[in-house]
Amino acid sequence: MSTPRTSHAIRFPHRHLLGIKDLSATDIDQLLDLADSYVELNRQVEKKQNLLRGRTQINLFFESSTRTQSSFELAGKRLGADVLNMAVATSALKKGETLIDTAMTLNALRPDLLVVRHPDSGAVELLSQKVDCAVINAGDGSNEHPTQALLDALTIRRRRGSLMGLLVAICGDILHSRVARSNIYLLNRMGARVRVVAPPTLLPAYIERLGVEVFHDMRAGLQDVDIVMMLRLQQERMHGAFVPSLREYFHFHGLDYEKLSRAKPDALIMHPGPMNRGVEIDSEVADDIDRSVIREQVEMGVAVRLAVLDLLSRNLPANAPAAGAK
Amino acid sequence: MSAAAAGKTIPGAHLTHLTHLTAYVNARMIDPASGYDGPGELLTQGGLIVDAGEKIFADGIPEDCEIIDCDGKVLCPGLIDMKVFTGEPGAEHKETLESASLAAAAGGITTIVTMPNSDPVIDDISLVEFLKRRARFGALVNVHPMAAATQGLKGEGMSEIGLMRQAGAVAFTDGVQAVANAVLMRRLLSYASRFDALIVQHIEEPSLAAGGCMNEGEIATRLGLPGIPDAAETIMLERDLRLVELTRARYHADQLSCAASVEIIREAKRQGLPVSCGVSAAHLALNENDVGNYRTFFKLSPPLRREEDRLALVAGIADGVIDVIVSGHNPQDQESKRLPFAQAATGGIGLETLLSVALGCFLDGNIALPKLLACMTINPARLLGLPGGKLSKGQPADLVLFDPGKSWVVDGNKLRSKSKNSPFEDRHLQGVVLRTVVAGEAVFIRQED
């Protein structure tokens, strides 16, 4: 298969990808189907496409990132776009230029696709109101990280065929996690059942209203689940502020074989990375080739971002009339 | 003593002689102090009310008297707004006393009480005097400063309460933040009572509110924003009330935001503690849902809370637990509001919309008009020891004439405040101010549309 573009007309009625909140089940299915076809492209020797030839993609990261940024960069380049990475230290931002000024400046560079990560919830949406190009949220504060949820979904779907009816436990720092929120929205929309497992200090108020079952005990929370999603615990939250210590956290909430034994025998282990080995996940479990799909997630990340760039570019002004005809 | 509009060219204010007589006839007169709501007539001479009653002109209107036909509209004391931030001194680009007073006049407000959170902080006699002097020459309405309760608003040492009280500070507060230290708060209450000075507290436990930018709840969780729980407010309020019990000093809780606080104040009043409290018009009309998708004009302090809290606040006005309605007018420019929600400044403007928003509660049928107006006239006047707020002989001729039956749409760009951050932008509001009078002179007259 040389071209992954599906032959039937795809309707993706969104100019930006700001969050899973805005997507329907159909939107998500289409994205995942397209991403699935891109997995093959990624495995070929010749990976280059012309789809985004002449297009400019700017990766604007107000917060450092290794895998998300490189994954977007690779995806853009594989589709033939000119990709520019801009790392903006937030400290410099505080000194003068506001987010809106930055947006206006970038807009004048006439990009077609803008990939943005920002430490504040809602910042990417605010920025999207001020620019003419398509904006992709690569993570905003504790709000959303839609491409992460999509790549998680793609990973699960390729292993299990469908998300429908699966029991998924999301474990760890739910309070500060945009990955958790995007995954909760996506999994619920696609018919999976979601549990969150965390100490009460790492759960936001009224989290159950997002349609999840709440567990504080990891063993109970992992009982019979199909998927175990671990979240990263930030360094600054480990020592007394939200949990007393690393060793206490690992003792009660770290994923080891003993706790994992409660899950279904073939349960998959996922982690958005970067991992804190020995904090939220035991090293051996993380590397278990039969259970852990953590490296596969990274591969799916590129495929999902290829699909997102592809779909949004079809709605760009110059392409708009041709999109339906394809 | 009143900072009248001397020397200003205001349409209709062409006569400024001290003995100038004005007769207001054919009014629906509401005097919240006595509870009177009925047909009425009122006579002012110079800056004072000479007479008011149902039929004071039975023997005819005096000669050389300007006659204002009120056409059955409501004539009541000018409003007193006891929580106003201006940008003066330090942020005049956001608001000056003059621009704030224009907005106040258009909103039927004849007295504003300014908050000490300026740059520099109002924590010194010379600064209190500076504000009063600036107001005398620049403001259309009466301006009374609240001064800092602690030096530099640092929450460490008492400010010169006695001296600043003499210089004209009407109350003492740290404004946007609470006096968190319990010992200091106890001593402030205790010391201030010797001058009969009111201590006003922003009821929010700082450690619980730290980093929070909206009500803690489902919406904050969905938006990924750190929340502020009710408990941040109730803990500070309960603590302060225990200190009031100890000191028996007068205490005013600046702004309630949740149902639990209304119950706490109700119980404290039942016990006979010398406490009072306020609420902002915005909190009577809006709730956390208005934040929507990170709309920073709805980022207020205290935060907008749940609908059941809003209803409890409205009920608190109706049954008299809440004493005062304020605008909480807090001008912020675009640069302070067009930011990610967590970084955006808190506060909304509200002088021009105060009366109309508060009237919304009346139109819902919850509250009698005199009772509602008392929260913006006689009640703050009594708490702060200010003249005005009632329609009786010898009182300042500070009046507002408004049409409660007419509605208008808030056009952000037409608001008179220098900053346009109104949470009521584009909303339909009820009640239109027709004329505002300060010390006998019209400082605002609505032009026909």
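Per chain, numbering begins at 1; letters A, B, ... match sequence-line order. Reckoned from all heavy atoms, side chains included, excluding hydrogens, waters and symmetry mates.
Annotation: residues 173-200 of chain A contacts chain B through A:Arg181, A:Tyr185 [non-hydrogen atoms, separation under 4.5 Å].
Note: B:Gly217 leads B:Cys213, B:Ala342, B:Gly217 in heavy-atom pairs under 4.5 Å with chain A.
Environment of NE2 in B:His428: sparse, with no more than 12 heavy atoms of neighbouring residues, nucleotides or ligands closer than 6.0 Å.
With rounding to the nearest 0.5 angstrom, the CG atom of B:Asn293 is 4.0 Å from the CD atom of A:Glu125. Within the model, atoms OG of A:Ser121 and CE of B:Met214 stand 11.0 Å from one another, a figure rounded to the nearest 0.5 Å. Rounded to the nearest 0.5 Å, atoms NZ (A:Lys21) and CZ (B:Arg222) are 8.0 Å apart. From B:Arg338, atom CZ reaches atom CG of A:Leu99 across 10.0 Å, with rounding to the nearest 0.5 Å. The distance from atom CZ of B:Phe341 to atom CG of A:Asn143, rounded to the nearest 0.5 Å, is 12.5 Å. Taking NE2 of A:His118 as the start and CD of B:Gln343 as the end, the distance is 5.5 Å to the nearest 0.5 Å.
Proximity of A:Ser142 to B:Leu225: side-chain heavy atoms (C-beta onward) are nowhere separated by under 4.5 Å.
Looking only at distances, no side-chain donor or acceptor of B:Thr221 sits under 3.5 Å from a matching main-chain atom of A:Pro204.
The part of A:Leu126 that comes within reach of chain B is its side chain, from C-beta onward, which places non-hydrogen atoms under 4.5 angstrom from that chain.
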Show me the side-chain donor-acceptor pairs of residues 253-265 of chain B shorter than 3.5 Å, one per line, residues at least two apart or across chains.
unit_1   : atom_1 : unit_2   : atom_2 : d
B:Asp254 : OD2    : B:Lys83  : NZ     : 2.7
B:Gln255 : OE1    : B:Lys83  : NZ     : 2.7
B:Ser257 : OG     : B:Glu233 : OE1    : 2.6
B:Ser257 : OG     : B:Arg305 : NE     : 2.7
B:Ser261 : OG     : B:Glu233 : OE2    : 2.7
B:Glu263 : OE1    : B:Arg266 : NE     : 3.2
B:Glu263 : OE2    : B:Arg266 : NE     : 3.4
B:Glu263 : OE2    : B:Arg266 : NH2    : 3.2

